[in-house]
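Okay, structure first, notes after.
Throughout, numbering of the chain's residues begins at 1 and tracks the sequence.
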Amino acid sequence: QAHLVESGGDLVHPGGSLRLSCAASGFTMDYYAVGWFRQAPGKEREVISCSSARDGSAYYADAVKGRFTISRDNAKSTVSLQMDSLKPEDTAVYYCATADRQSCTYSGEPYSPSEYDYWGQGTQVTVSA
């Protein structure tokens, strides 16, 4: 069974950077899409980025495009999320998740959080002065 563990969350000032990591085990990550999600207090969980196994392509939500970069290292079974130019509105619990498919999108739209099967426990990111 797939097992995911996130790390790297912290308190950071606006404009700062963080790098989150998602360590995968129990499955061969090479063949599966892995996404990053976040959930702020009182808000629904949202997909912010995803790494496709099909063609190595990446998806980014508009809110993070140009500031966040996803990367995967299949040899180490990790997917990282480099977050730069952080804003207070980026404050949330960040999760990684995977599903039994290679692609992150369908007809140009990202799969919703409900369409992912295996989740990590989350890591807190707080952006505050």
Side-chain angles (χ1 to χ4, degrees):
Q1 177 154 339
H3 184 60
L4 303 170
V5 179
E6 304 93 338
S7 61
D10 206 343
L11 169 64
V12 64
H13 293 309
S17 297
L18 279 177
R19 187 175 182 86
L20 305 183
S21 290
C22 173
S25 61
F27 69 108
T28 303
M29 197 184 73
D30 310 40
Y31 305 118
Y32 301 99
V34 177
W36 279 99
F37 305 77
R38 68 186 182 188
Q39 187 166 19
K43 295 188 177 180
E44 293 187 355
R45 192 170 298 187
E46 60 177 346
V47 56
I48 56 171
S49 185
C50 182
S51 172
S52 172
R54 181 181 297 275
D55 55 8
S57 61
Y59 164 83
Y60 297 98
D62 288 344
V64 305
K65 199 172 293 183
R67 300 188 298 122
F68 291 10
T69 304
I70 193 170
S71 60
R72 75 160 58 203
D73 185 335
N74 288 331
K76 295 182 178 179
S77 293
T78 59
V79 176
S80 298
L81 186 69
Q82 176 67 38
M83 306 189 297
D84 299 318
S85 302
L86 283 162
K87 305 174 182 180
E89 51 263 44
D90 293 319
T91 295
V93 178
Y94 284 69
Y95 301 87
C96 63
T98 190
D100 189 15
R101 62 175 174 272
Q102 295 183 341
S103 297
C104 296
T105 61
Y106 180 77
S107 296
E109 294 298 317
Y111 286 98
S112 69
S114 64
E115 295 173 295
Y116 285 77
D117 304 307
Y118 303 99
W119 292 82
Q121 83 289 348
T123 186
Q124 176 71 46
V125 172
T126 302
V127 185
S128 175

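Two residues are said to be in side-chain contact when any heavy atoms from C-beta on lie closer than 4.5 Å; Glu46 and Arg38 meet this criterion. Residues Leu81 and Ser49 have side chains in contact (heavy-atom distance under 4.5 Å, counting atoms from C-beta outward). Between Tyr59 and Ser51, the closest side-chain pair of non-hydrogen atoms is not below 4.5 Å.
At a threshold of 4.0 Å, the pair Asp90-Lys87 does not count as salt-bridged, since none of the basic side-chain nitrogens sits closer than that to a carboxylate oxygen.
With sequence neighbours excluded, no residue forms a ring pair (Phe, Tyr, Trp, His ring centres under 6.0 Å) with Tyr111. For Asn74, the side-chain hydrogen bond (donor to acceptor under 3.5 Å, both in side chains) partners at least two apart in sequence or on another chain are Arg72.
Between the side chain of Arg19 and the backbone N or O of Gln82, no donor-acceptor pair lies under 3.5 Å. Tyr60 places a side-chain N or O within 3.5 Å of a backbone atom of Ile70 that can act as its donor or acceptor partner. The main-chain N or O of Ser128 is found under 3.5 Å from a side-chain atom of His13 such that the two form a donor-acceptor pair. Side-chain N or O atoms of Thr123 include one that pairs as donor or acceptor with a backbone N or O of Gly9 at under 3.5 Å. Remark: the backbone N or O of Glu6 is paired with a side-chain donor or acceptor of Gln121 at under 3.5 angstrom. Side-chain atoms of Thr98 come within 3.5 Å of backbone N or O of Ala33 as a donor-acceptor pair. Formation of a donor-acceptor pair under 3.5 Å by the Thr91 side chain with backbone atoms of Val127 is found in this model. Looking at Glu115, its side chain does come within 3.5 Å of a backbone N or O of Ser112 through a donor-acceptor pair.
Within 6.0 Å of CD on Glu44 lie no more than 12 heavy atoms contributed by other residues, nucleotides or ligands.
A cation-pi arrangement is present between Arg45 and Tyr95, with the terminal nitrogen or guanidinium carbon under 6.0 Å from the aromatic centre and inside a 45° cone about the axis.
Side-chain N/O atoms of Asp84 and Ser17 include a donor and acceptor closer than 3.5 Å.
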